[in-house]
Amino acid sequence: QVQLVESGGGLVQAGGSLRLSCAASGSIFSINRMGWYRQAPGKQRELVATITNSGGTNYADSVKGRFTSSRGNGKSTVYLQMNSLKPADTAVYYCNALLSVALSTWEYNTYWGQGTQVPVSA
C-alpha cells in the first residue's frame with residue numbers, strides 16, 4: 001500500500017510564504033514523477049507544478065516565478081515553496097506521484113495525497 005502525506009498548509013496573509021511537503025511511503029519500487037495540484041472552492045483541480053526524477057520541472061503560468069518545486073535527497077519527498085502568495089492561490093493542495101510498486105514494478109500508476117488547506121487572506 002502506498003501513502004502520500006502532505007504537511008505545511010495553513011492560513012497565510014497575502015504576500016507571505018509557505019512551504020508544503022509531501023512524503024511518499026509504502027511498497028514503492030520506483031517514483032517517476034511527483035507534483036502538486038490544487039482545487040479552489042467551486043473549481044476543478046488544476047496542475048500547480050511537477051518535477052521529474054532528473055529535476056525537470058513544469059509550472060502553471062499562474063505560479064511561475066513565485067512557486068518552486070523540489071525533491072528530497074531520497075527522491076520520495078517533494079516540496080513546494082510558495083512565495084508572494086495571493087488570495088487567488090487559496091485552495092486545497094494535493095500531492096501527486098507517478099510510481100510503481102514492488103509487486104508490479106513495470107506498471108506505473110498515479111497516487112494522491114489527502115490534501116492540505118492553504119487559505120490566503122487579503
Side-chain angles (χ1 to χ4, degrees):
Q1 191 170 357
V2 173
Q3 279 192 317
L4 300 180
V5 180
E6 301 105 334
S7 60
L11 179 63
V12 62
Q13 286 189 331
S17 297
L18 210 58
R19 190 190 195 212
L20 304 182
S21 301
C22 172
S25 63
S27 304
I28 298 170
F29 178 75
S30 175
I31 299 177
N32 178 279
R33 183 181 69 242
M34 299 187 79
W36 295 92
Y37 286 70
R38 68 185 181 187
Q39 188 165 17
K43 295 188 177 181
Q44 289 188 332
R45 191 173 297 189
E46 62 176 5
L47 170 73
V48 176
T50 60
I51 180 167
T52 65
N53 270 349
S54 60
T57 54
N58 180 44
Y59 296 96
D61 288 342
S62 59
V63 307
K64 281 180 182 175
R66 300 188 298 122
F67 291 11
T68 302
S69 185
S70 59
R71 297 278 291 270
N73 287 336
K75 302 297 184 184
S76 63
T77 303
V78 63
Y79 305 99
L80 185 67
Q81 178 66 42
M82 304 186 292
N83 299 327
S84 303
L85 282 160
K86 306 174 182 179
D89 295 317
T90 294
V92 177
Y93 284 73
Y94 296 91
C95 177
N96 164 283
L98 179 66
L99 58 85
S100 64
V101 297
L103 293 180
S104 55
T105 61
W106 62 92
E107 183 178 356
Y108 282 80
N109 291 297
T110 298
Y111 292 81
W112 293 91
Q114 79 286 353
T116 184
Q117 294 262 7
V118 178
V120 182
S121 63

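The figures that follow rest on heavy atoms only: side chains count, while hydrogens, waters and symmetry mates do not.
Sorted by first and then second residue, the pairs that involve residues 67-77 and meet side-chain hydrogen bond (donor to acceptor under 3.5 Å, both in side chains), not counting sequence neighbours, are Asn53-Arg71. Contacts classified as salt bridge (charged side-chain N to carboxylate O under 4.0 Å, His left out) and involving residues 87-107 (residues at least two apart or in different chains) are given here: Arg38-Asp89, Arg66-Asp89. Residue pairs meeting the ring pair (Phe, Tyr, Trp, His ring centres under 6.0 Å) criterion with at least one member in residues 27-63, sequence neighbours excluded, are Tyr37-Trp112. Residue pairs meeting the ring pair (Phe, Tyr, Trp, His ring centres under 6.0 Å) criterion with at least one member in residues 83-106: none, sequence neighbours excluded. Counting only residues at least two apart or in different chains, salt bridge (charged side-chain N to carboxylate O under 4.0 Å, His left out) contacts with residues 91-100 are absent. For residues 111-122, no pair satisfies salt bridge (charged side-chain N to carboxylate O under 4.0 Å, His left out), with sequence neighbours left out. The stretch residues 25-60 participates, sequence neighbours left out, in no disulfide bond (SG atoms under 2.5 Å apart) pair at all.
Under the side-chain contact (heavy atoms from CB on, under 4.5 Å) criterion, Thr50 pairs with Arg33, Leu47, Asn58, not counting sequence neighbours. Under the side-chain contact (heavy atoms from CB on, under 4.5 Å) criterion, Ala60 pairs with Ser62, Val63, sequence neighbours left out. Judged as a salt bridge (charged side-chain N to carboxylate O under 4.0 Å, His left out), and not counting sequence neighbours, Lys86 has no contacts.
In plain terms, the two heavy atoms of Ala40 and Thr90 that are nearest each other are CB-O, 3.6 Å.
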Identify all side-chain donor-acceptor contacts of residues 113-122 below 3.5 Å with residues at least two apart in sequence or on another chain.
unit_1	atom_1	unit_2	atom_2	d
Gln114	NE2	Glu6	OE1	3.3
Thr116	OG1	Gly9	N	3.4

Anything under 3.5 Å between a donor and an acceptor, one on a side chain of residues 14-23, the other on a protein residue two or more places apart or in another chain? List them.
unit_1	atom_1	unit_2	atom_2	d
Ser17	OG	Asn83	OD1	2.9

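Note on Leu85 and Val92: separate hydrophobic clusters, where clusters join Ile, Leu, Val, Met, Phe, Trp and Tyr whose side-chain heavy atoms are under 4.5 Å apart, directly or indirectly. Follow the hydrophobic side-chain contacts under 4.5 Å out from Leu98 and you never reach Ile31; the two are in separate clusters. The same ILVMFWY cluster, assembled from side-chain heavy atoms under 4.5 Å apart, contains both Val101 and Val78.
Heavy-atom contacts from other residues, nucleotides or ligands closer than 6.0 Å to CD of Glu46 number more than 12.
Between Met34 atom CE and Tyr79 atom OH the span is 10.0 Å, to the nearest 0.5 Å.
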